[in-house]
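Nothing fancy with the numbering, it's 1 onward along the sequence. All heavy atoms count here, side chains included; hydrogens, waters and symmetry mates do not.
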Amino acid sequence: MAFIIDGKKISAEIKDELRIKVTKLNEEGVNITLAVVQVGNDPASSVYVGNKKKACEYIGIHSLSYELPEQTTQEELLALVERLNSDPEVNGILVQLPLPSHIDEDLVIQTISPAKDVDGFHPQSVGALSIGQKGFVSCTPAGVIELLKRSGIEIEGKECVIIGRSNIVGKPMALLMLRENATVTVCHSRTKNLNEVAKRADILIVAIGKPLFVNKDFVKEGAVIIDVGMHRNANNKLCGDVDFENVLEHASAITPVPGGVGPMTIAMLMNNCVESAVRKN
Ligand code: NAP
């Protein structure tokens, strides 16, 4: 039976550590502010934004909230981002994605100052990660690394297979696992014999966006499985990209959904905000 990696507990530990750090920074006169921008009122985005604000409040980060109407123009949004870039009080800028289709997401991301890019999506942040320089790292993959390390799972020298090559999860995940000295294989929709490739993995990271896609036929006996996927099933219950019950007997450790990778994303966002303030000062 696999060991269940408790993302809820680990993310709570990280938030408690950050809270202590922020209290000390406040005593030294350093205050931290995150600007959260949402365009439109997509219900899922509103939940994510609400959770981020709650986490800020817990840790002692001041959050500025910009709830803009759906019909906000690209120019108006870019002007707001520019204003936040030049506001010395603001340490981090988060523009909640997805944006309405009339706004160019890439352009908005590129307009955020790399010094305040706490989501780690700016091309400069991605470039820094790929050549091993300091910069903000995309929160979900950074959270996966913390989950592994804090669960005592060794990464160095391990075969790691990542299913998914998106810019926000798969690709930065591969770079981070390389940085930790794993041997990395990245799979995608054109990969042949996917389950055979996945079976090579000591650590299998799944970010494919298809509910319950990975079953025991993809899992080497004793592998560690990290499930990044997040879906609601027909009964409105959360599930991941991995068929948890089906692989449980075959894995040595696994993240559940909910309560695995999900809570880590916000914890790492908070970490990036604190990091931004520390770097500035
Ligand atoms: P995405 O942009 O849709 O990327 C999915 C990736 O999976 C693509 O690279 C795609 O390959 C690959 N893929 C799709 N079907 C495949 C198949 N049959 N065989 C092999 N590869 C296949 O998704 P994402 O943004 O990375 O998100 C992935 C999942 O993670 C989603 O469920 C999302 O909700 C979840 N997520 C969770 C968090 C969190 O905080 N927990 C954060 C972000 C995302 P191609 O490149 O060839 O198309």
Hits for side-chain contact (heavy atoms from CB on, under 4.5 Å) against Ser45, two or more places apart or cross-chain, chain-then-number order -> Gln38, Asp42, Gln96, Pro98
Residue set satisfying side-chain contact (heavy atoms from CB on, under 4.5 Å) with Glu57, at least two apart, ordered chain then number -> none
Taken in chain and number order and not counting sequence neighbours, the residues that satisfy ring pair (Phe, Tyr, Trp, His ring centres under 6.0 Å) with Phe213 are Phe218
So side-chain hydrogen bond (donor to acceptor under 3.5 Å, both in side chains) across residues 271-281, not counting sequence neighbours, yields Glu275-Arg279
Between Arg150 and Glu17, does at least one N-O distance fall below 4.0 Å, as a salt bridge requires? yes
Practice prompt. Side-chain contact test, heavy atoms from C-beta onward, threshold under 4.5 Å: evaluate it for Val206 versus Val228 and give yes or no.
Written response: no
Residues pairing under ring pair (Phe, Tyr, Trp, His ring centres under 6.0 Å) where one sits in residues 226-274, two or more places apart or in two chains, turn out to be none
Within the distance-only criterion (no hydrogens, no angle test), does the side chain of Asn91 pair as donor or acceptor with the backbone N or O of Thr33 below 3.5 angstrom?
yes
Open item on the list: Using a 3.5 Å distance criterion without hydrogens, assess whether the side chain of Ser151 forms a donor-acceptor pair with backbone atoms of Ile153.
Closed with: no
Regarding Lys171 and Asn167, do their side chains bring together a donor and an acceptor under 3.5 Å, going by distance alone?
yes
- Just by distance, with hydrogens left out, do Asn41 and Ser46 show a side-chain donor and acceptor under 3.5 Å apart? no
Closest non-hydrogen atoms of Cys187 and Val161, given as atom of the first, atom of the second and distance, are SG-CG1, 3.7 Å
Applied to residues 93-132, the ring pair (Phe, Tyr, Trp, His ring centres under 6.0 Å) test, sequence neighbours excluded, yields none
Would a 4.5 Å heavy-atom cut-off, applied to side chains only, mark Cys160 and Thr185 as touching? no
Exercise. Does Leu68 reach the side chain of Leu80, with side-chain heavy atoms less than 4.5 Å apart?
Worked result: yes
side-chain contact (heavy atoms from CB on, under 4.5 Å) filter on Asn31, not counting sequence neighbours, yields Asn26
For Lys53, the side-chain contact (heavy atoms from CB on, under 4.5 Å) test, sequence neighbours excluded, returns Val49, Ser63, Ser65, Glu67
Residue pairs meeting side-chain hydrogen bond (donor to acceptor under 3.5 Å, both in side chains), one or both in residues 194-219, sequence neighbours left out, come to Asp202-Lys220
Stepwise, does the side-chain contact (heavy atoms from CB on, under 4.5 Å) test hold for Asn181 with Ile155?
CA-CA 7 Å; Asn181 297 318; Ile155 304 176; over 6 Å; no
Test side-chain contact (heavy atoms from CB on, under 4.5 Å) on Val95 and Glu105; report intermediate values, then the result.
CA-CA 9 Å; Val95 179; Glu105 267 182 19; over 6 Å; no
Donor-acceptor list for residues 130-141 side chains, cut-off 3.5 Å, not counting sequence neighbours:
unit_1, atom_1, unit_2, atom_2, d
Ser130, OG, Gly127, O, 2.8
Ser138, OG, Ile168, O, 2.8
Thr140, OG1, Thr265, OG1, 3.0

Partner of Leu204 under side chain to side chain contact (heavy atoms under 4.5 Å, CB included), picked from Ile226, Val214, Val247, is Val214
For residues 37-72, the ring pair (Phe, Tyr, Trp, His ring centres under 6.0 Å) pairs (sequence neighbours left out) are none
Per salt bridge (charged side-chain N to carboxylate O under 4.0 Å, His left out), Lys149 is matched among Glu180, Glu154, Glu156 by Glu180
For residues 258-281, the ring pair (Phe, Tyr, Trp, His ring centres under 6.0 Å) pairs (sequence neighbours left out) are none
